[in-house]
Amino acid sequence: MTPPSLPHQDLNASITSVRSVGARSAARLARLGIQTVRQLLWHLPSRYEDYSQSVPIADVVVGEKQSIQGEVISIATRNIWPKRMTITTATIRDESGAIRAVWFNQPYLEETLASGTMVSLAGKIVLDKRGLYISGPIYEKVGSTRSDAGTLVHTGRLIPIYPETEGVTSKFLRFLIQPILEHLNIVDPLPDAIRRAYDLAPLSDALRVLHYPESEEDVPAARERLAFDDLLLLQLKALRERRFIHQLKSTSIVMNAVYMRELIAHLPFTLTKDQRVATLEILKDMERPYPMNRLLEGDVGSGKTVIAFLVALHAAREGHQTVLLAPTEVLAHQHYKTLQTLIQNIPDITTAYITGSSAYLSDKEASKPAVKKAIRAGTAHIVIGTHALIQQDVLFHSLALVVIDEQHRFGVHQRAALMKADRGSTARIPHLLSMTATPIPRTLAMTIFGDLDISILREKPKGRLLIHTKVVGAEERQAVYDFIRSEVKSGRQVFVICPAIELPTAVAPVSTGKTLKQTKLSALWAQVKAVEDEFKKLSKDMFPDLKIAMLHGRMKPAQKKTVMHEFKEGWHDILVATSVIEVGVDVPNASIMVIEGADRFGLAQLHQFRGRVGRAEHQSYCFLFPTDDVTANRRLKAMTMTDDGFALAEQDMRIRGPGEFFGIKQSGIPDLTMTALANVELIKKAREAAVTLMKTDPDLKRNPLLAQQVDRVQMFSHFE
Ligand code: ADP
Ligand code: MG
C-alpha cells in the first residue's frame, strides 16, 4: 500500500492536508469531531483486537477471531438474487492448509486480492456445511515473505478499533493514522524537566503506543501522559485566572467582630461549627482589595442561606450593598421572607426584591422603578431577585457582594453579566459567593471552575431527625400500605411519586424521523398516564376511604397551584405526583414519601424527593418501590445507607463518572481529561507541575507552545 500522506509535523493543520482526505471524507470526519491533524491523532482507539498471533491455517478454531497469512489461490464473486448482494469467495493457502474467505458486497476485492497475492487476514472463523471459512475478514497485502509482517497495519498485531461513524470505518482511520505515526516528529509541548520529574513518556511515543501498542499493558501509561497534558493546561489556566483576579479591584471590608457577634447572638438558633468557620472565611476574603471567588457547599438544609445573610448584613453595616440571586421565583420569595424575619430587630436595614413578576421594598409591594431607584441610590442594602434582575438593567450604588444560590442553575454568561452589574459610582468588582448543594471535590473545582476557594458545611443543624429509608419488595407492599393508613389516621400526609410508564411510542428508535418535540410530548404523556393509573389504583382499590389528589405536567399552572395549596392545608391525605414535586415544595405535615419505580430515578433526584419529608418534628419515612425485575440496585442501596447528600453525591459521581454528574459533558473538556478528573493523584501532580512552571516562567515565555494551548483552554470563569 502506498502511504496516504506525507509525514506531517503541523498538528493544527486542517485534516484536508492529509493525503486521501477530500472534501467528502473531511465532512464525515468532522462528524467525529476531527478537523485537524491533532484531532485525528487524538482520536484514540476505544479498544484493540488482538490479531498479534497469526496462526497456521490448519490450526484455526471455530468461533475465534484470528489472523492468518497466505496466498490467494482463487477468488470469484457471484450475485445473489433477489437480494442485490454479492458474495466474494477466495481460497487462501499456507504451508499447513487452505481455507475460504468470504466477503459480502465487496466485489472489487476480486481485483485487489487477485490470485497470487500474499495476504494477511483477520476475522472470525465460522463453520458451514462446506467447512470452515473466515468471515468478512479485514485484509492487507503483505510481501512475499513472512518477515515483512512488521509493517502490518490492519492485521497480525493488536489492531486499534476506533469510535466510528457512517462512512468512517476503523479501517479507514487506520489507513489515515498509521502512516502519520510512522514518521511522527512533533515538538513535545511539555518541558523535559517536567516530563522526567513525573516519569512521563515523550508525546510521540505515547501516541504511537496508544494507536498500536505492543501489549495492552502499555496503554494506561500512555493515556496518562495525554491526560496529564490536558490537566496541566487546565491547572495553568486556573493559576492564571487566580493571578488575573488578584489584579482586580474590589471593596475591602474590614471585619467588624463586635457587630458580627451581636448578629450571631441575635439568631433564633446556634450556628454549627462549620457555619461559623465558613462565615469567618468569607469575611476574611472580603477584607482583601481583590474579589473573593468562593464556593459555599452544603447539603439541602445545611444552613447556607443564613451565612449569606450574615455577611450581607455585615457589608450593609459598612455601607455596601449585596445582591442575592435565586434560580426560581419561588426560591427568591422564600429567601426574601426569611430575610424579613431575620432583620425584624435589626435597625436601619432596607431590603429590596425584584423578579420578572413583582417588586418589593422592605415588606411592601412597590413599583419596579421605585425599587430600582432605591438600589441606585444605595438606600436598599440587600437585594434579592432572579436572573430577571440582570435583564432589568438594575444599577447599584455600591455593590460589594454578589451571592448566587444554586450556582449550577445559572449559565456562565448570566454570572458574568452579574459581575459587571456594579455600574454605579465605585466601578469595582464585587466579591462573589456561590452556593451549591452539589458537593464538588476541591481538586475538581480547581480543575474545572478555575482556582476558587471552597467552604464546606458537613455538619447538619441540631435536632434533625433521620428519615427512615427502605427498599420495599413486592411481598411487603401491603404492609407499607397498612402503615400508610395508620400514619394518615394519626394526621400525617403522604407523597407518592411515579416515574413515566414506558409507552411503546416513547421508545421508538431515533431513525423514525420523530421530532424532539414529539418525543418530549410522548414522554410527558407517559408520566401523565403513570400518575392517572396510580391515582386510580390507590383511590379505587387501596384507599377508597382516603382523600387522594394528583399533580402532573399536563395540568394548568393555576390548577397545580390549587392542588398544592389544598394539600398543604391538609385537604388531601395522599398526593400522587410526577417529579414536579422535586423543587420548592414545603409541606411540613407530610411524613411519608413513596417512590414508585425508584430505580428509574437518579440519586440526586431521589435525595431531593426524600427531602420533601422530615421537615418538621414528625418522624418521617421514605419507601422505595423498585420496578419488579430490579432487586439489587446500587443507587437504592446507597439511599438506605445514608441521608447525607454529600456522601450520596460522591457515590453518584463514582457510578456515573464526573462528566455526567456535573453536566459538563458538553463543556469542551476532552473525554480523556474527563476520565482523568476522577484521578486525584494525577490532578495533584499536574497541579504541582503547573505551580512549578508558573514560578519559573510565569508568562510561559520559554514555553510558547504551552502558552498557545493554555490560551485555547475554556474554563468556567465569573470574572472574564
Ligand atoms: P440550605 O440553603 O443550605 O438548604 P437553609 O439556609 O435554607 O439551608 O436552612 C434550612 C433551615 O435550617 C432554615 O429554616 C434555617 O433557618 C435553619 N437553620 C440554619 N442554620 C441552623 C442552625 N445552625 N440550627 C438550626 N436551624 C438552622
Ligand atoms: Mg438553599
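Ligands are counted one by one from 1 in listed order, and the atoms in each one are counted from 1 as well.
Look at E459 and K273 and you find no salt bridge, because none of the NZ, NE, NH1 or NH2 atoms lies under 4.0 Å from a carboxylate O.
A 4.5 Å side-chain heavy-atom check between V494 and E487 finds every atom pair outside the cut-off. The shortest side-chain heavy-atom distance between I497 and F601 falls under the 4.5 Å cut-off.
Taking every heavy atom of S302 and a limit of under 4.0 angstrom, the matching atoms of ligand 1 come to 3 (O), 8 (O). With ligand atoms numbered from 1 in the order given, ligand 1 contributes 22 (C), 23 (N), 24 (N) to contacts under 4.0 Å with heavy atoms of T270. For ligand 1, the atoms closer than 4.0 angstrom to any heavy atom of T272 are 23 (N). Taking every heavy atom of T305 and a limit of under 4.0 angstrom, the matching atoms of ligand 1 come to 2 (O), 5 (P), 6 (O), 7 (O).
The shell of residues lying under 4.0 angstrom from ligand 1, judged by heavy atoms, includes D299. Heavy atoms of G298 stay at 4.0 angstrom or farther from ligand 1.
A donor-acceptor contact closer than 3.5 angstrom is absent between the side chains of H431 and N293.
For K373, the NZ atom sits in a loose shell: 12 or fewer heavy atoms of surrounding residues, nucleotides or ligands are nearer than 6.0 Å.
Contact annotation: for Q275 versus ligand 1, heavy atoms closer than 4.0 Å belong to the side chain alone. With a heavy-atom cut-off of 4.0 Å, L271 touches ligand 1 through its backbone alone.
In this structure, the ring of F567 has its center less than 6.0 angstrom from the ring center of F495.
The distance criterion of under 3.5 Å between nitrogen or oxygen atoms is not met by F269 with respect to ligand 1.
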